[in-house]
Protein chains: 2
Amino acid sequence: MAAVVTIKDVAREVGVHPSTVSRALDPARRDRLGEPVVRRVLEAAERLGYRPDVAAASLRSGRSKLVGIVVPDIANPVFSPIISGLERALSARGYALIVADQRPDYAGGNDMVQMLIARRVDGLVLANAALKDGAVERCLQAQIPVVLVNRAEGQARVPSVVSDDMAGITLAVDHLIASGHRRIVHVAGPQSLSTGLLRRRGFVAAMRAAGLDPDEDDIEEAVAFTREAGLPAARALLARRPDATAVVAANDLLALGVYEALREQGRRCPEDVSVIGHNDMPLVDLVSPPLSTVRISHHEMGERTGALLLDLITGTHQGALQIVTSPVLVARGSTQPLEN
Amino acid sequence: MAAVVTIKDVAREVGVHPSTVSRALDPARRDRLGEPVVRRVLEAAERLGYRPDVAAASLRSGRSKLVGIVVPDIANPVFSPIISGLERALSARGYALIVADQRPDYAGGNDMVQMLIARRVDGLVLANAALKDGAVERCLQAQIPVVLVNRAEGQARVPSVVSDDMAGITLAVDHLIASGHRRIVHVAGPQSLSTGLLRRRGFVAAMRAAGLDPDEDDIEEAVAFTREAGLPAARALLARRPDATAVVAANDLLALGVYEALREQGRRCPEDVSVIGHNDMPLVDLVSPPLSTVRISHHEMGERTGALLLDLITGTHQGALQIVTSPVLVARGSTQPLEN
DNA sequence: AGTGTTTGCGCAATCGATTGCACATGAAGC
DNA sequence: GCTTCATGTGCAATCGATTGCGCAAACACT
């Protein structure tokens, strides 16, 4: 009873050739057939409980209806909504998603990419691209559609979906300036990542636009986008610039590291120093004080990545290959107008 | 140049039959061959850059080296570490992971399970099982190995990996009792989920063990494991039991809902009321006050789930089919000894 | 030396669906 | 009434790897 139903069973049932069933089941090829046959095939397939064997179809056609995503860390609250949005966009069109976690011990991550290519994925999403990334090369020469998400590449060789990082930081800086702050410093992210680089550039540009001219000492680069990396960076920065009244962090985790550094020094946030993050991760509204930040809709980025990739796979794409989403400012309790 | 290398190419190169190459490449079947042949095949495969076609192998052998997981919400901080741990365990042994997000609009979620079965996954992980779950039926009759994680089923028909919920709640209750609390109430989770049910039972049992006898009014069931559901439940509970000095929440998100309810009523935590959660999600150490909770290692649960499932798939399993991990108490600022 | 057994590898069928091509049927054109 | 086409369906090869079976050579044994 649990015998698996194949296309032949359906063909026998209806009294047609298997190839006819194959065509009837494919909406794109359906119209080459007579309407009554199609109807009978569909009905029989339904009744017998036919499920196409993806492996067989994939072997013959070369298409797997599978998309791979490589992420640095699935559990990172930045990436999980991206995966979620992506999965939503893909499954709506019959594609499934393979998630590969980037092991830190494989520099470049070609390994995961190779694995996914060996699995004959129809497309690939890279959520971990560095500014110059070897994995991108591999995809390019494997002729496989690929979209970068969250982080872009140095040269825009491949499509990407990112937040407007420069604009986001500008939002943060302008918010502080509007509150009267002038001595504003920046905890930057790793400069090997587009997010780290662009946010730093954005910081400098926004400050200049306000007539301020930050120098090297106003910026400290954290080695990673983590709380752990944020703490020493913030310590160093606050030591160099004890008169700073506000800190712009390149992301929320770094901002939390700044919180810790301030606490160590017995300085209060926001009374002594305002702090603003970036991303608006879950729960940052509940930390103390509630973190002001710049909201990026990672879920939406995931969905748009999926849509773009599917268009690329089916060859129906038109429109921009570089999608940029607009961040919005979320002011909470960690920033306040400068007193006096 | 980018021509894909098949097993035939390798065979021709070495001067043996394709079947020999197939055997030489499989460690399990390798020992049936002569050592020099194996060596030459391996060398040639490496040199030519041979990558097995998973679709073809899957079609013929019926094994896909693919495992599916169904989760209620990828972005939920409870599930993402599970996925992460699972992926780690699987990829170490050459399996890839397909993630399917459970749409709320499909009651029972058989749909996702069907999709995964149609993709010929070798095994399935269900992270969303209700106490009586139709999806489990499907897996059972599809004869496909399945492991439940995080939530167990009512009857233990299938293997599962869960935290010891009763023990966890006991930890929480005992911690409060040791701090002098007596009027302790419980915000329970949905009773249709094993986590909700067991934690509630655990609460009652632990209280009784301490010589206290909680009644219905000391417990309020939230409709979901969310902050949003926690708020009204906490409101109702605190209204019924205004003299309560401590609240045990069935998970951290509910505990945060309790925070909000207390704030509404102008009561302070922990001075007026102690609150303890469950799970130790990321960032709950940074909320105000830092949340005392019971730590569950979801990442570890994911890894053990993967190991168990692989054993089941390869038929090499021995040992328990119901794995229970031990939670630990994490006391932070939201609980304090009862004054006076 | 002859028989029996093991070892090592080739042969060919097979998994289930897709697809280029061939062919039959009926309609249309002159 | 015969050629020309269009339309709808069947035929069979094919994708790449796996695997049961069979056979030959090498070895063991009396």
Practice item. Please state how far atom CD1 in B:Ile7 lies from atom C1' in C:dG10, giving the value in whole angstrom units. Key: 14 Å
Review point. Separation of A:Arg120 atom CZ from C:dA17 atom P, in whole Å?
Key: 20 Å
**Study point:** Separation of D:dG8 P from A:Arg30 CZ (nearest whole Å)
**Key:** 14 Å
**Study point:** Side-chain N,O (B:Arg23) to OP1/OP2 (D:dG20) below 4.0 Å
**Key:** no
Exercise for review: Establish, with yes or no, whether the OP1 or OP2 oxygen of D:dT9 is under 4.0 angstrom from a side-chain nitrogen or oxygen of A:His17.
Suggested key: no
Practice item. Looking at every strand, decide which applies to B:Ser19 at a 4.0 Å heavy-atom threshold: base, sugar-phosphate, or nothing. Key: base
Check your understanding: When you check the gap from the basic side-chain N to the acidic O, do A:Arg39 and A:Glu35 get nearer than 4.0 Å?
Key -> yes
Point to revise | First encountered from the 5' end of DNA chain C, between B:Leu33 and B:Ala56 | key: B:Leu33
Exercise for review: Could you tell me whether B:Asp122 and B:Lys65 have a side-chain N and a carboxylate O separated by less than 4.0 Å?
Suggested key: no
Point to revise | Check: B:Ser58 side chain, C:dC15 base, donor-acceptor under 3.5 Å | key: no
Check your understanding: Got a donor-acceptor contact below 3.5 angstrom from the A:Arg120 side chain to the A:Ala118 backbone?
Key -> yes
Review point. For A:Val16, which contact category applies under a 4.0 Å heavy-atom criterion: base, sugar-phosphate, or nothing?
Key: sugar-phosphate
**Study point:** Nearest-Å distance for atom pair CG/P, residues A:Asp9 and C:dC15
**Key:** 11 Å
Practice item. Give a yes or no on whether a salt bridge exists between A:Glu13 and A:Arg40, defined as a side-chain N under 4.0 angstrom from a carboxylate O. Key: no
Review point. Can you find a side chain N or O atom of A:Tyr50 that sits less than 4.0 Å from OP1 or OP2 on C:dG16?
Key: no
Exercise for review: Would you mind telling me which residue lines up with the more 5' stretch of DNA chain C, A:Leu59 or B:Pro36, judged by nearest nucleotide?
Suggested key: B:Pro36
Study note, to complete from the structure: Out of D:dG16, C:dC9, D:dC15, minimum distance to the side chain of B:Thr20 belongs to C:dC9
Exercise for review: Rounded off to whole Å, could you give me the NZ-to-P distance for the B:Lys8 and D:dT18 pair?
Suggested key: 13 Å
Check your understanding: Given atom CZ of B:Arg60 and atom P of C:dA13, what is their separation to the nearest angstrom?
Key -> 12 Å
**Study point:** No-hydrogen, no-angle side-chain donor-acceptor test under 3.5 Å, A:Ser19 and A:His17
**Key:** yes
Check your understanding: Hey, is the side chain of B:Ser22 poking within less than 4.0 Å of OP1 or OP2 on D:dT18, counting only N and O atoms?
Key -> yes
Revision key, fill the gap. 5'-most contact on DNA chain D (nearest-nucleotide basis), B:Arg29 vs A:Val37, goes to A:Val37
Point to revise | Nearest-angstrom distance from the residue atom CG of A:Asp26 to C1' of C:dT19 | key: 11 Å
